[in-house]
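A short worksheet on the structure shown next.
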Amino acid sequence: MTEAAVQAPHSEYGLWSWLTTVDAKRIGVLYGVTAGIFFLIGGVEALFMRTQLMYPDNTFLSADTFNGLFTVHGVTMIFLFLMPMNAAFFNFMIPLQIGARDVAFPRLNAFSYWVYLLGGLLLVSSFVVGAIPKVGWTGYSNLSSSFFTPGIATNFYVVGLLVLGTSSMAAAINFITTIINMRAPGMTPLRMPIFTWTALVTNFLLLLALPPIAVALGQVLFDRTFGTSLHVPSGGGSATLWQHLFWVFGHPEVYILILPPMGMVSDILPTFSRKPLFGFSAMVYATVAIGFLGFGVWAHHMFTVGMGAWGAAIFSAITMLIAIPTGVKIFNWIFTIIGGQFRMTTAALFAAAFIPLFTLAGLTGIMHSSPPIDWQHHDSYFVVAHFHYVLVAGSVVGIFGGIYYWFPKVTGRMLSETLGKLHFWTFMIGINLTFFPMHFLGVDGMPRRVYTYQTGFNFDTWNFWVTIGAYITGASMLILIFNIFKSLKSGAVAGPDPWDARTLEWSISSPPPEYNFVELPQVTARDDFWHRKYELKNFQPQPDNQQVHMPPPSYWPLITALGLGVFFTGFVFEWYVLPFIGAPITLIAVFCWSFEEFEM
Amino acid sequence: MSTDSQTQEHHAGDISHPTPKTYAIIAVILSVVTAIELWVYYIEELRSLLIPILAVLSTGKFALVVMFYMHLKFDHKVFSRLLVLGIILAFGTFLALLTLFKFSHPFGLL
Amino acid sequence: MSEASHEGGHHTSLGVDSRKLGMWIFLASECLLFGTLIFTFLLYRNKGIEEPNIPAEILDIPVTTASTFVLLMSSFSIVLALHAIQTGKIKSFQRWILTTAIGGIVFLGFQTYEFTEFVQGGLGLSTNVFGSSFFMLTGTHGFHVAIGVIWLLALYFSSLRGGLKVDGALKVDTMALYWHFVDIIWIVIFTVVYLFAVV
Ligand code: HEM
Ligand SMILES: [Cu+2]
């Protein structure tokens, strides 16, 4: 540790401190707030679509606008809201849960955030310049070729995803290293909280699933800019190659979206049942098994492409296998609640509601795993219903549970329970009214991704109620936003352990000090905090207001990210000078980064 | 991925690395094997066996570099597991894909 | 990007340095990256090819063997560099790390020569899918080599200026892992792309 590092000015407030922060908790807050804003944007896009679909032959939106909206809605919700929202929880909670002071690579962590923000802004700017991508979140070739979607609109999709993938890749390396290597003494793998476990598996999925799609996106970018034909059949390329590479990433991606909320639910339920998680190791093995199997099922998204009997049979069978570890999880959650003293807080309600809602999503999933049934459902509203039960009734509900549960830890204040319950019940009514009738619509034959329908197909009534449900869901979100702002100002002070919880993050003050732990905890049991509180009865709060040397702030991550942003922006707008400006900026920034005094 | 030897025997830096002599021997073997590969390539009679022979030889080269130059043989086993994980997933996925494109998309290259 | 909250001597759960662990994690994902590129190449290898673009005829085995040899030997020279810095022989370290960088540059030279030959022989990036997948695979590899060369030179100049004193061995170790990985990928490419071309 050098003198300079100690005396480096260390601003704690103001914009500059946020731009240069390397503290995982602050970066977590940045991720959370940004992802929340994108959630609202994605939600408004959804409401536009639903307004259009409220009545048959509606003319509120044009077909073209509708195509743009479902594309940007899907991309926003998945890449700009759910994944970064999970990353927000990783940032804040992983170091606390494993008893570490920070992540393994604090500056790389900041870099991930800035790249994510720039990628998000890049995608949103497609609205500003009026070139909204219209290829769906799946970006199938050869719709994505410059013949079918000329102009720069599709570039936003291709390049935007590349940028966001870079961010996720850096984050994955960081979190995996952190979890493997930064655990407090005694924190053996099977003593790690289950949320950390799901984070570990999720980040492995990111690490290994992102490269295939990065290559595929690169190929499409080359097709569009340098005239190759890797995904263009008229030039000798394959039309199915993209689908395969996309889903090799895409299926692990759905676990990337659902595993962390599952982990949150598995941490919340024991706390509010005053009982350890039922079958902890089974839960861990189930999570790992889902992670592995998730790599072997991608072609179940392609049954209608035609793969012959063997191909379809094999992918169908492996898909059905995933039901086993998933079932293990569902029963573990149920048995965690049964026999406990269940406390009906909002967090607990969301976590408990996750179980039947996710089960429903899983059941329709099992239905698609059978090729003949899938041929019937494919590209219909039945699939829209299925994946919204996974993503909204599953991931979002789990994340809301996580927000109610950890908000006191992050901010030091409690969210209002009254407003919380109001939010919970309106949200339940809203999403089920929105997404349940979509099953009927799908079975009745309403196709996905259509901007309107004619009357007389039995679609009118349900579509009307679905839209009402969407409005209720939207209104319910306003309650959450109000609750957050109100509680930030005047919520009850939380104290370190408001829920009488079990894991290490609750053993320190709320919000935690920059260094998290003055002394690294010596872990002796699973749910170590609970163990010390109630079994050893020797819990000592950590001393406060200590001087612990933490890494100094750095602006190089931001500058590196900016360089990368300039580089990629050039490919979106087809201004090929920008890459030549962006690349040297990135290179120089990485240089300065690696020679910066940065010790701990 | 869940290695946890809390053992402190592996400290960065003080791993018992092989000596430069071992390194040199490996370098010689690598060169010789590359030469053999080239020889096999030019022998017309071995054409039918080219793929298996070359596969074995290159795997050998691969393994030597990984074990000695990247010192996986002497290092913490978590490193080997990470590499094996990446290789197995890549191999499994892309072998499956090649098979699919050969047999399951029967109308040629869709 | 070398940083870690805990330096070599500090406690980490596995007793290994986080930077080195992070590099291995990154390399695991690189397996999938090159896997995808090699797969695409194999898929398109014999598709839509006409004279004069037959892979077996256009690929130049003698030249590529030479460049393969250079890359293999650069793996040898970097372990010598690592050994030197681990045993405190800074001069010898500087010599070997520079040798390695030059090896990388020579390899890139061969690749540039090869690419120019192909383009002049009528096989460009967008001539056919064989060409596209070939250039993208070997080009991505070449890009990795180029990054490696820059990194090696950075280490070299940093050591000339008296850097690398504190945890230089670890930095070189981490870099060497990357360099060897690029080498083993080339071992695979040489066999699968070049030598398998005749069957
Ligand atoms: C109240 C909330 C929501 C409503 C009303 C809603 C509504 C819609 C609608 C109408 C579509 C277009 C369906 C079509 O025409 O095919 C759609 C597509 C989609 N939604 Fe949502 N959605 C909501 C929330 C979410 C969330 C939270 C996520 C993910 C986290 C999500 C992910 C998607 C995806 C991936 C698509 C497919 C986009 C595509 O076809 O490329 N949605 N949604
Ligand atoms: Cu899937």
Side-chain angles (χ1 to χ4, degrees), chain B residues 3-14 17-20 23-24 26-27 30-31 34-35 37-38 40-42 47-48 50-51 54-55 57-59 61-63 65-66 68-71 75-76 78-91 93-95 97-98 101 109, chain C residues 7-9 11-17 19-21 23-25 27-36 38-39 42-44 47 61-62 65 68-69 72-73 75-80 82-84 86 167 169-170 173 176-177 179-181 183-184 187-188 190-192 194-196 198-199:
Chain B
T3 334
D4 188 72
S5 46
Q6 293 279 348
T7 50
Q8 296 295 311
E9 55 190 276
H10 297 292
H11 264 295
D14 56 42
H17 283 291
T19 56
Y23 289 145
I26 305 281
L30 288 175
S31 316
T34 308
E37 285 181 333
L38 201 63
V40 173
Y41 173 85
Y42 282 115
R47 275 294 145 83
S48 54
L50 184 81
I51 292 189
L54 288 186
L57 290 177
S58 331
T59 313
K61 289 202 298 189
F62 190 101
V65 173
V66 166
F68 291 92
Y69 284 1
M70 297 170 95
H71 38 79
D75 227 335
H76 199 290
V78 70
F79 300 146
S80 318
R81 288 183 189 180
L82 284 165
L83 183 66
V84 169
L85 178 72
I87 292 174
I88 287 184
L89 261 183
F91 227 82
T93 307
F94 296 114
L95 223 53
L97 272 174
L98 285 171
F101 271 97
L109 202 62
Chain C
E7 301 301 331
H11 173 85
T12 58
S13 312
L14 300 187
V16 298
D17 187 273
R19 281 170 278 185
K20 199 167 148 185
L21 180 60
M23 175 52 79
W24 273 112
I25 293 170
L27 294 183
S29 96
E30 291 278 280
C31 293
L32 274 290
L33 184 97
F34 281 104
T36 316
I38 293 172
F39 155 69
L42 289 176
L43 185 66
Y44 285 150
K47 297 291 174 330
I61 300 299
T65 310
T68 304
F69 179 75
L72 278 176
M73 286 309 110
S75 252
F76 176 46
S77 63
I78 201 171
V79 285
L80 295 181
L82 177 62
H83 186 81
Q86 277 169 341
D167 48 4
L170 194 91
D173 196 1
L177 290 176
W179 192 254
H180 294 307
F181 186 82
D183 187 23
I184 55 178
I187 292 179
V188 176
F190 179 59
T191 306
V192 173
Y194 290 85
L195 298 185
F196 283 0
V198 283
V199 281

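Worth saying up front: this structure is predicted, and the values here are computed from it rather than measured. All chains are named by letter (A, B, ...) in the order of the sequence lines, taking the proteins before the strands, and each is independently numbered beginning at 1.
- Only the side chain of C/Thr65 comes within contact range of chain B, with at least one heavy atom under 4.5 Å from a heavy atom of that chain.
- Side-chain contact between C/Leu21 and B/Leu82 is present, with heavy atoms from C-beta onward closer than 4.5 Å.
- To the nearest 0.5 Å, atoms OG1 (B/Thr34) and CG (C/Leu195) are separated by 9.5 Å.
- Inter-residue side-chain proximity for C/Phe76 and B/Leu30 is flagged as unmet; no heavy-atom pair is nearer than 4.5 Å.
- The candidate with the highest count of non-hydrogen atom pairs below 4.5 Å against chain C, out of B/Val40, B/Ile51, B/Thr59, B/Leu50, is B/Ile51.
- For C/Leu27, the part sitting under 4.5 Å from any heavy atom of chain B is the side chain, from C-beta outward, and nothing else.
- Side-chain contact between B/Val78 and C/Trp24 is absent, with no heavy atoms from C-beta onward closer than 4.5 Å.
- Heavy atoms closer than 4.5 Å to chain B are found in the side chain of C/Phe190, but not in its backbone.
- For chain B, the nearby parts of C/Thr36 are the backbone and the side chain; heavy atoms of each come within less than 4.5 Å.
- To the nearest 0.5 angstrom, C/Ile187 atom CD1 is 11.5 Å from B/Leu57 atom CG.
- B/Leu54 approaches C/Phe196 most closely through the heavy-atom pair CB-CE1, 3.6 Å.
- Proximity of C/Asp173 to B/His71: side-chain heavy atoms (C-beta onward) are separated by under 4.5 Å at one or more points.
- Contacts between B/Ala35 and chain C at a heavy-atom distance below 4.5 Å are absent for every atom of the residue.
- No side-chain heavy atom of B/Phe79 sits less than 4.5 Å from a side-chain heavy atom of C/Leu177.
- Rounded to the nearest 0.5 angstrom, B/Lys61 NZ and C/Thr191 OG1 are separated by 5.5 Å.
- Around the CZ atom of B/Phe62, the shell of radius 6.0 Å holds more than 12 heavy atoms that belong to other residues, nucleotides or ligands.
- Using a 4.5 Å heavy-atom threshold, the side chains of B/Ser31 and C/Met73 count as touching.
- Note that the CG atom of C/Leu32 and the CD1 atom of B/Ile87 stand 10.5 Å from one another [nearest 0.5 Å].
- Between B/Tyr41 and C/Ile61 there is a side-chain heavy-atom pair separated by less than 4.5 Å.
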Query - Full working for side-chain contact (heavy atoms from CB on, under 4.5 Å) between C/Ile184 and B/Tyr69 - result: CA-CA 11 Å; C/Ile184 55 178; B/Tyr69 284 1; over 6 Å; no

Report task. Test side-chain contact (heavy atoms from CB on, under 4.5 Å) on C/Phe39 and B/Phe101 and set out the steps. Result -> CA-CA 11 Å; C/Phe39 155 69; B/Phe101 271 97; 3.9 Å; yes

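- Taking SG from C/Cys31 and CZ from B/Phe94, the interatomic distance works out to 10.5 Å, rounded to the nearest 0.5 Å.
- Side-chain contact check for C/Val188 versus B/Ser58: every heavy-atom pair is 4.5 Å or farther apart.
- Using a 4.5 Å cut-off between heavy atoms, B/Tyr42 contacts chain C through its side chain alone, with no backbone atom that close.
- For the pair C/His83 and B/Tyr23, the tightest heavy-atom approach, listed with the atom from each and the gap, is CB-CE1, 4.4 Å.
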